[in-house]
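Chain letters run A, B, ... following the sequence lines, proteins first, then strands; residues in each count from 1. Values below: every heavy atom of this structure, side chains too, minus hydrogens, waters and symmetry copies.
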There are 2 protein chains.
Amino acid sequence: MENTELHPTKARILETAARLFFEQGFHATGVSTILREAGVNSGSLYHYFPGKDELLVGVLEHYIRIMRPILMEPVEAVVEDPIGRVFKLLERYREGLVAFDFRLGCPIGNLALEVADDHAEARRLINQNFSNWIDAVRDWLAAAGDRLPARVDRRQLASFILTTMEGGIMQSRAARSLDPFDASVAQLRAYFDALQAEAAGSQTTSPSHSCSPSDSAAPTRGR
Amino acid sequence: MENTELHPTKARILETAARLFFEQGFHATGVSTILREAGVNSGSLYHYFPGKDELLVGVLEHYIRIMRPILMEPVEAVVEDPIGRVFKLLERYREGLVAFDFRLGCPIGNLALEVADDHAEARRLINQNFSNWIDAVRDWLAAAGDRLPARVDRRQLASFILTTMEGGIMQSRAARSLDPFDASVAQLRAYFDALQAEAAGSQTTSPSHSCSPSDSAAPTRGR
DNA sequence: AAGTAGATTGAACGATCAATCAACTTTCGC
DNA sequence: GCGAAAGTTGATTGATCGTTCAATCTACTT
């Protein structure tokens, strides 16, 4: 895309700021820390960004650019089944929780609750990130066709999956345990099983291939 | 409780800090702002609290104290039906979103993502708040008895309800619209309908009284 | 009435915050 | 190879950060 025409210094600032905002939050991250870790002088940063707020905007735009290539596409490459993709995506976030010892979750979710109130532009971009995430999952659900009841709004359901992810991550980070996240995903899976069972009951086409729902590995109960 | 033996100045500091941390977040709230709005001098604050971090701990303990009386008990007073209580509680959060123009959601959820990583004590108390919330809802679900399938873990389901609330609020705040929250609650309601239908199908006792699920007012679709 | 511990005052501290800017170097069109 | 634009340097700014503390006031004990 336009990544080729992105100045290396600006890219380094952006990536460093994105990481630090993710790790520590926006207000807790000092500009001096960004400068040190990016190996850049203050003048350079303010050459590319009018201020810290605009840097946040740049970071959020950065997240919009990288979401599909580093999140959706890898999932699509590994899993073919539309509904399987949904739970594969959730599994990715689960792995992230473990890999970073419950210190990191979803970068957008963090910023959403911290900076959404002020700064209209930041809120708009956070909402854009959410919307893109939902639309990608909505496309997967649409591809599931009549495996889900026709009455179910696909985008509503996709939004509910994002809800499950964000809410589950929030609790698991506080508990420093996978239990809440796994519990939420297990309930979501049970909901999907019910939806698929309902769709299988009132079906018009494709008489064979009546798949048994919930074939993937369900997360272990208890601790 | 011990509220009677709480010094008025300390109480005022606590309430002001709780409100400001809720409205602006922990890092974004300066001590000077707390002092000004509480009408207190710095020395008084540091007489009661060793530092800003311990003030946060005090605020989280404050939330633990007030959760049941200002959240659960009013719901229990208005709604008798155990499952109805669950959705009445969610409706409360919904009303809060509207009342504060999507600027405020759940105070614990905000702090969970902002300060949970550092400060072990704060994380512990955030987790305690979540746990108390879940346990209260779990008791409601337990009271629902065989209206829910026996196979469903009540506490897991309660955790999933908290997930729905937090995730829905996060999205609605970013979107400044009730749609994501309503969508999430609608999906949760559909899940509950499926669970109740399943429980009604394989029932041992109480032959009559087969209630039709989802009798309460479902949130309106669209805007 | 004297003594004392607790509560309150508010000026001041050093550290850090985001941001500035004039001087300097590099890159690039022509 | 020249001039201009773009990029970089880093010391420095004023504001604000969380915190301190000696002095003063208040309420209760003896």
Sugar-phosphate, base or nothing in reach of [X], heavy atoms under 4.0 Å:
X	value
V31(A)	sugar-phosphate
T33(B)	nothing
G43(B)	base

(request) Kindly say if S32(B) contacts the phosphate of dG18(D), meaning a side-chain N or O under 4.0 Å from OP1 or OP2. (result) no

(message) Taking only side-chain N and O atoms of H47(A), does any of them lie within less than 4.0 angstrom of OP1 or OP2 on dG7(D)?
(response) yes

Measure from [atom1] on [X] to [atom2] on [N] and round the result to the nearest Å.
X	N	atom1	atom2	answer
F49(B)	dA7(C)	CZ	P	12 Å
I34(B)	dT19(D)	CD1	P	10 Å
K10(A)	dT8(D)	NZ	C1'	16 Å
L56(B)	dT19(D)	CG	P	12 Å
D53(B)	dC17(D)	CG	P	16 Å
K52(B)	dC17(C)	NZ	P	13 Å
L20(A)	dA18(C)	CG	P	12 Å
L35(B)	dT19(D)	CG	P	11 Å

(request) Measure from the side-chain heavy atoms of Y46(B) and tell me the nearest of dT9(D), dG18(D), dG7(D). (result) dG18(D)

(message) Quick check for you: among dT8(C), dG10(D), dT20(C), whose closest atom lies nearest to any side-chain atom of N41(A)?
(response) dG10(D)

(message) Does any part of the side chain of H47(A), heavy atoms only, come nearer than 4.5 Å to the side chain of T9(A), both counted from C-beta?
(response) no

(message) Side chains of R173(A) and N110(A), heavy atoms from C-beta outward: is any pair under 4.5 Å?
(response) yes

(message) Quick check: any donor-acceptor pair below 3.5 Å linking the side-chain of S42(A) to the base of dT20(C)?
(response) yes

(request) With R94(B) as the cation and F181(B) as the aromatic partner, state whether NZ or CZ is under 6.0 Å from the six-membered ring centre and within 45° of the axis. (result) no

(message) Tell me every residue that passes ring pair (Phe, Tyr, Trp, His ring centres under 6.0 Å) with Y63(A), counting only those two or more places apart in sequence or in another chain.
(response) none

(request) Considering only NZ, NE, NH1 and NH2 on the basic side and carboxylate oxygens on the acidic side, decide whether R155(B) and D135(B) come within less than 4.0 Å. (result) yes

